[in-house]
Amino acid sequence: EDEAFLAAFKARIDAEEKIEPNDPMPEGYRRTLVRQIGQHAHSEIVGMLPEGNWITRAPSLRRKAALLAKVQDEGGHGLYLYSAAETLGVSREQMTEELLAGKAKYSSIFNYPTLTWADIGAIGWLVDGAAIMNQIPLCRCSYGPYARAMIRVCKEESFHQRQGYEIMMTLAKGTPEQKEMAQDALNRWWWPSLMMFGPHDTESQHGDQSMKWKIKRFTNDELRQKFVDATVPQGEYLGLTFPDPELKWNEERGSYDFGAIDWDEFWRVVKGGGPMNRERLEARRKAWDDGAWVREAALAHAEKRKARKEA
Ligand code: FAQ
C-alpha cells in the first residue's frame, strides 16, 4: 500500500466520509472491521444463551413474551452483523469456524451463569446498558454498513435496557426476598459489566488505530466512565448498593471514582477459563453440527436450480 493511497484514505476518514464495501481500503482497516464486527456478531448469538435459559421459567406471560422478543432481537442483531462483515469479503462459515476453533472471541460477559430470575433484570439493565453506551458511537463508525446496522440495533437495545430495569424495579420494590435477589444479581453482574468495555486504554492493543480510523469514537476507558456515571444514580434510585467500596462521586471531575477491575479475572474469562465458556462453545458447536443438513440441502437445491437453468 503506497503512501499516496494511505494519505487519500486518511483524507476521506478525516472528512467524515463513509467507507463503503467496494471502496479501496487499507488491509489493516478491513481486517480490524472483520475482527470487530465478527466478534460483535458472535457476542449477539452467544448472548442469546444466558437469557434463553430463563424463557421457560419467566414468572408471567407478559415477562415471557418480552424476554422471548428480546432474545429474538439478539438473533436478528447477529444476522445483520454477520451480513455487515460479509461485505468485507469474509463468509459466515469462516467466521463461525473461527469462533468454534477459539480464534475469534465473543464478549466476556456471556461466560457468566444466570442463576436467578433477577439475573434477567440485571442483564437488561447493565449488560444492555453497557452495550448501548458502546454502540451509540458505532452508529457514526466510518464503515457504512456497520454504522447503519447499529442504528436499528441501538433502538432495540434501548427497549431491552428498559425491560431489564423494570424487572429490577419490580424486584427492588417487592418482598425483602425479592429485593435481596435483585441485590445479589447486581453484586454478581456489576464488575463483569465494567469489563465489557475491554482493557484499560494503556493495554488496548487496537484502540489507537481504531480511533484514528474512526471505527471507535471513544476509548474503552471513556465509555466505561460514561457507563458508571449513567448507571450509579439508576442503582441508587432502586435502593440498591454497588459492590465497590471505592465508588464515590468526585466533585472536581464531575464523575464517579471507582475501584480497580480484576484484570486477571477478565483475561482468564477471555481466554476460555470463565464459568460458562465451555458450555457456551459447546452449544454453538451443537447448533452448527445440527444445522449441517440444512446447509447441505440448501446448497444441493441451489446447484440443481443452476443446472436446470443452464440446461
Ligand atoms: N470480551 O485492543 P482492544 C452485545 C479483546 S454487547 C472479550 O481494546 P478493541 C449485546 C479484544 O477483542 C457485547 N474480548 O480491542 C447484547 C482484543 O482481542 P483480539 C458485544 C475482549 O476491539 C446484550 C483484545 O481484547 N459488543 O452483544 C473484550 O479495540 C445483552 C484487546 O482489546 C461488541 O462487540 C471483552 N469484553 O476494543 C446481547 C461491540 N474486550 O480481537 C445479548 C463492538 C476486549 O485482538 C444480551 N466491539 N477484548 O483477539 C467493540 O467496541 C470493541 O471490539 C471492544 C474492544 C470495545 C469490545
Side-chain angles (χ1 to χ4, degrees), residues 28 31-54 67 70-78 80-81 84-85 98-99 102-112 114 119-141 143 146-147 149-150 153-154 156-161 163-164 189 191-213 215-224 227 261 263 265-274 277 280:
R31 266 205 318 269
T32 296
L33 283 165
V34 167
R35 177 184 61 79
Q36 179 169 325
I37 302 172
Q39 298 190 1
H40 194 166
H42 297 324
S43 302
E44 296 281 357
I45 301 294
V46 176
M48 297 167 78
L49 297 168
E51 289 169 294
N53 181 38
W54 279 90
L67 182 59
K70 178 187 194 284
V71 172
Q72 207 162 27
D73 285 349
E74 282 150 11
H77 298 173
Y80 307 147
L81 286 162
E98 284 190 6
L99 171 75
K103 278 190 237 153
K105 296 188 169 76
Y106 59 89
S107 184
S108 51
I109 193 75
F110 303 117
N111 293 305
Y112 293 86
T114 40
D119 289 12
I120 302 307
I123 289 179
W125 172 37
L126 300 172
V127 177
D128 285 276
I132 295 171
M133 202 52 95
N134 164 275
Q135 287 170 183
I136 293 278
L138 291 175
C139 297
R140 293 188 295 121
C141 165
Y143 188 57
Y146 192 25
M150 279 300 119
V153 168
C154 284
E156 293 178 349
E157 300 286 31
S158 113
F159 154 70
H160 298 171
Q161 198 267 355
Q163 71 84 42
W189 289 94
W191 288 107
S193 298
L194 297 190
M195 293 174 193
M196 283 175 73
F197 294 93
H200 280 314
D201 297 349
T202 46
E203 311 293 316
S204 165
Q205 189 187 331
H206 308 289
D208 284 348
Q209 186 54 255
S210 289
M211 292 285 286
K212 283 186 192 136
W213 276 328
I215 293 170
K216 284 165 100 166
R217 295 283 179 163
F218 294 95
T219 69
N220 298 357
D221 285 327
E222 284 168 350
L223 290 173
R224 187 167 16 242
F227 173 73
I261 290 170
W263 294 111
E265 174 181 330
F266 172 76
W267 289 115
R268 192 166 61 243
V269 173
V270 167
K271 290 181 180 149
N277 288 66
R280 300 296 184 234

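Counting starts at 1 for both ligands and their atoms, in listed order.
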More than 12 heavy atoms of other residues, nucleotides or ligands under 6.0 Å from CD of Gln209: yes or no?
yes
Heavy atoms from other residues, nucleotides or ligands near CG of Asp201 exceed 12 (cutoff 6.0 Å)
yes
Does ligand 1 have any atom sitting under 4.0 Å from a heavy atom of [X]?
| X | answer |
| --- | --- |
| Glu51 | yes |
| Trp267 | yes |
| His77 | no |
| Lys216 | yes |

Determine, counting only non-hydrogen atoms of the protein, whether one lies under 4.0 angstrom from atom 54 (C) of ligand 1.
no
Looking only at protein heavy atoms, which one is nearest to [atom], and what is the separation?
| atom | result |
| --- | --- |
| atom 12 (O) of ligand 1 | Gln39 OE1, 3.0 Å |
| atom 3 (P) of ligand 1 | Ser204 OG, 3.5 Å |
| atom 57 (C) of ligand 1 | Met196 O, 4.2 Å |
| atom 13 (C) of ligand 1 | Ser107 CB, 3.7 Å |
| atom 11 (C) of ligand 1 | Arg35 NH1, 4.2 Å |
| atom 16 (C) of ligand 1 | Phe110 CZ, 3.8 Å |
| atom 28 (C) of ligand 1 | Phe266 CZ, 3.6 Å |
| atom 14 (N) of ligand 1 | Lys105 CD, 3.6 Å |

If you round to the nearest 0.5 Å, how far is [atom2] of [Y] from [atom1] of [X]?
| X | Y | atom1 | atom2 | value |
| --- | --- | --- | --- | --- |
| Met48 | Asp73 | CE | CG | 9.5 Å |
| Ile215 | Arg35 | CD1 | CZ | 8.5 Å |
| Arg280 | Tyr106 | CZ | OH | 7.5 Å |
| Ser210 | Leu33 | OG | CG | 8.0 Å |
| Ile132 | His160 | CD1 | NE2 | 9.0 Å |
| Leu99 | His42 | CG | NE2 | 4.5 Å |

Judged by atom type as modelled, is there a donor-acceptor pair below 3.5 Å linking the side chain of [X] to the main-chain atoms of [Y]?
| X | Y | result |
| --- | --- | --- |
| Asn220 | Pro199 | yes |
| Ser43 | Ser107 | yes |
| Thr114 | Asp119 | no |

Between His77 and Glu74, a side-chain donor and acceptor under 3.5 Å
no
Between His206 and Gln36, does any side-chain donor sit less than 3.5 Å from a side-chain acceptor?
no
Do [X] and ligand 1 have an N or O pair less than 3.5 Å apart?
| X | value |
| --- | --- |
| Glu74 | no |
| Phe197 | no |
| Ser108 | yes |
| Lys70 | no |

Which of the ligand 1 atoms, numbered from 1, are nearer than 4.0 Å to a heavy atom of [X]:
| X | value |
| --- | --- |
| Tyr106 | 1 (N), 7 (C) |
| Ala131 | 6 (S), 10 (C) |
| Tyr146 | 43 (C) |
| Val127 | 23 (C), 30 (C) |
| Glu157 | 10 (C) |
| Met195 | 36 (N) |
| Gly198 | 40 (N), 44 (C) |
| Asn134 | 39 (C), 43 (C), 50 (C), 51 (O), 56 (C) |

Ligand 1 contact on [X] by region, counting heavy-atom pairs under 4.0 Å:
| X | value |
| --- | --- |
| Asn220 | side chain |
| Gln205 | both |
| Ala130 | neither |
| His206 | both |

Does the pair Asp221/Arg224 count as a salt bridge with the N-to-O cut at 4.0 Å?
yes
Between Phe227 and Phe197, what is the ring plane arrangement, given parallel below 30°, perpendicular above 60°, and tilted in between?
tilted
Evaluate the criterion side-chain contact (heavy atoms from CB on, under 4.5 Å) for residue pair Phe218 and Asn134; output intermediate values, then yes/no.
CA-CA 8 Å; Phe218 294 95; Asn134 164 275; over 6 Å; no
Side-chain heavy atoms of Leu81 within contact of Met150, under 4.5 Å:
yes
Given His42, Glu156, His40, Glu203, which has its nearest heavy atom closest to atom 26 (N) of ligand 1?
His40
